[in-house]
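Worksheet: the structure to be examined is printed underneath.
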Amino acid sequence: MDVTTIRLVGGTGGLLVLASIAGLILKWRFPGPTVDNLNARIRAWWFMVAIFAAALLTGGVGSVLLFGFTSFWALREFITLTPTRRGDHRTLFWAFFVITPLQYYLVAIQWYGLFSILIPVYAFLFVPIRNAIEGDCERFLERTAKIQWGLMVCVYCVSYAPALLALDIPGFAGRQANLLFFLVLVTQMSDVLQYVFGKTLGRHKIAPHVSPNKTWEGFIGGVLAATALGTGLWWATPFSPLQAAGMSLSICLMGFGGGLTMSAIKRDRGVKDYGSLIEGHGGVMDRIDSICFAAPVFFHLTRFYFT
C-alpha cells in the first residue's frame, strides 16, 4: 500500500482504540442496553476495518473480491425480503452466479465501457425476457422490477467502489486506494456522526414513518462533521481542500439518501434490519446502504473532473 494509505488505516485503528476505551468507561459508569449496543457496534467495526484493510493490502484484486462478496450477500438479503415465485428461480440463478461475477470481473480488468452498462442495459433487458420465458404472469411486473432493482442497488452501485482503483488521475498513480478509503471513511463516519448527533441533540424527525431515528439535528450535525473530516483528509486525495469539502458533502448527502431509501424498503417489508450477520449493525445491506448511493456519484464526479 501507499504510505498515505497505511497512515489512514493506522489513524482509523487509533480511533477505534479510543472508541473501545470510551465504550468500556461508559459500560462501567452507565450500564444498560444502549451502551451494550454501542460496544457491539464498536466490536463489529474492528472486524470490518480489519477485513477492509486486508483487502487494500492485496491491492485491486482483494478489493474487488471483498466488494464482490459484499454485493452477493447484500443481494441475497434483498431478495430474501422480496417474495419470489418458482418462475423467478432461473432468473435469480443468472443474477447471482452470472451477472454479479461478470460485473466484478469487468471492474477487475478495468473495462469501464462495458461494466458501466452491463446491468442498467443488458441485465435490465435480460431479466424480464428470462422471466417471461417461464410463462408465469402473476405479478410479473412487480417480480421483475424487484430483481432489476436488487441488481442495480446491490451489485451495480456497489461495484463503483472498487472501480475507483482503476481511475487514471494525473500525478496520483499508484495511490487510488486512498480514494476508496476516503469514500468508505467519509460515508461511514457520516452515518456514525448522524447517529451520535441524533441521539444527543435530535428533536425534529425528518421522516418518522420511514426512519424514526433520523432527525434534522442529527442530519445537519453529522453531515457537517463528516464533511469537515473529509476536508481535513484532502492531503490523501488528488483534491484541494475546497474540492475535498465538495466531494465529502456530495458523499454525505447521497449516503443519507441511500440510507433513507433502503429504510423505506425495510418498512414496506415490515422488518427492522436486512439481516443479522453483523453484530449491532444488522445485515450487510444495513451497513452499505449509504455506499450504494454515494459510490457511483463519487466515482463519476472524480472521473469527470480529475481524469
Side-chain angles (χ1 to χ4, degrees), residues 32-38 40-41 44-45 70-71 73-85 88 139-158 186-227 248-298:
T34 301
V35 175
D36 290 340
N37 178 263
L38 174 64
R41 287 171 175 259
W45 271 115
T70 300
S71 282
W73 198 269
L75 182 61
R76 176 185 176 276
E77 292 178 344
F78 185 90
I79 295 298
T80 300
L81 289 186
T82 55
T84 57
R85 291 172 58 84
D88 301 323
R139 300 168 66 185
F140 176 83
L141 180 60
E142 178 184 351
R143 290 164 31 227
T144 300
K146 288 175 180 176
I147 299 174
Q148 290 172 324
W149 175 258
L151 281 172
M152 279 295 296
V153 72
C154 301
V155 182
Y156 180 72
C157 290
V158 176
V186 173
T187 305
Q188 299 304 311
M189 286 306 298
S190 178
D191 286 351
V192 171
L193 291 169
Q194 287 180 49
Y195 175 82
V196 172
F197 277 98
K199 285 293 185 181
T200 56
L201 302 175
R203 296 293 183 275
H204 303 88
K205 298 183 183 300
I206 297 177
H209 298 297
V210 176
S211 185
N213 293 324
K214 293 187 183 298
T215 64
W216 284 109
E217 292 83 0
F219 167 68
I220 295 172
V223 167
L224 290 178
T227 298
S248 300
L249 180 60
S250 66
I251 288 172
C252 293
L253 293 178
M254 293 309 301
F256 172 81
L260 194 64
T261 301
M262 302 314 291
S263 291
I265 295 174
K266 288 188 289 186
R267 298 299 172 265
D268 173 60
R269 305 312 307 165
V271 299
K272 181 179 182 295
D273 297 315
Y274 279 94
S276 57
L277 182 66
I278 306 175
E279 183 184 13
H281 294 267
V284 170
M285 196 67 225
D286 296 291
R287 192 63 273 144
I288 66 166
D289 52 5
S290 300
I291 293 177
C292 291
F293 279 49
V297 173
F298 179 62

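Remember, predicted model here, so these are calculated numbers, not experimental data.
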Heavy atoms only: give me the nearest G283-E77 pair and the separation to one decimal. CA-OE2, 3.3 Å
To the nearest 0.5 angstrom, please state how far the CD1 atom of I265 sits from the CE atom of M285. 7.5 Å
Run the side-chain hydrogen bond (donor to acceptor under 3.5 Å, both in side chains) test against K205 and tell me which residues pass, sequence neighbours left out. none
Which pairs of donor and acceptor atoms, one on a side chain in residues 255-262, lie under 3.5 Å apart (sequence neighbours left out)?
from	atom 1	to	atom 2	distance (Å)
T261	OG1	G257	O	2.8

Restricting to salt bridge (Lys or Arg N to Asp or Glu O under 4.0 Å), what partner residues turn up for R269, sequence neighbours left out? none
Between F197 and A225, the two heavy atoms sitting closest are CE1-CB, 4.0 Å
Sequence neighbours excluded, which residues qualify as side-chain hydrogen bond (donor to acceptor under 3.5 Å, both in side chains) partners of S248? none
State the CG-OG1 distance between L75 and T80, to the nearest 0.5 angstrom. 9.0 Å
Across all chains, not counting sequence neighbours, the side-chain hydrogen bond (donor to acceptor under 3.5 Å, both in side chains) partners of S263 are none
Within this structure, what is the CZ-CG distance for the pair F78 and D289, rounded to the nearest 0.5 Å? 12.5 Å
Can you tell me which residue pairs pass the salt bridge (Lys or Arg N to Asp or Glu O under 4.0 Å) test with a partner in residues 187-196, sequence neighbours excluded? D191-R287
Partners of A226 by side chain to side chain contact (heavy atoms under 4.5 Å, CB included), sequence neighbours excluded? S190, L193, C252
Using 0.5 Å steps for rounding, measure from the CD1 atom of I79 to the CG atom of L151. 7.5 Å
To the closest 0.5 Å, what do you measure between SG (C154) and CH2 (W73)? 13.5 Å
If a pair satisfies salt bridge (Lys or Arg N to Asp or Glu O under 4.0 Å) and one of its residues is in residues 254-268, list it, with sequence neighbours excluded. K266-D286
If you look only at pairs with a residue in residues 206-227, which of them pass as a side chain to side chain donor-acceptor pair (under 3.5 Å), with sequence neighbours excluded? H204-E217
Report the residues that fulfil side-chain hydrogen bond (donor to acceptor under 3.5 Å, both in side chains) with R76, sequence neighbours left out, ordered by chain and then residue number. none
According to salt bridge (Lys or Arg N to Asp or Glu O under 4.0 Å), who are the partners of D88, at least two apart in sequence or on a separate chain? R143
Please give me the minimum heavy-atom distance between V153 and C292, naming the atom from each residue. O-SG, 3.3 Å
Taking C-beta and beyond as the side chain, do F298 and T187 meet within less than 4.5 Å on heavy atoms? no
4.5 Å side-chain heavy-atom contact, M254 and P296: no
Gap between atom OG of S290 and atom CE of M189 - 0.5 Å precision: 13.0 Å
Shortest non-hydrogen contact from Q188 toward I291: NE2-CD1, 3.5 Å
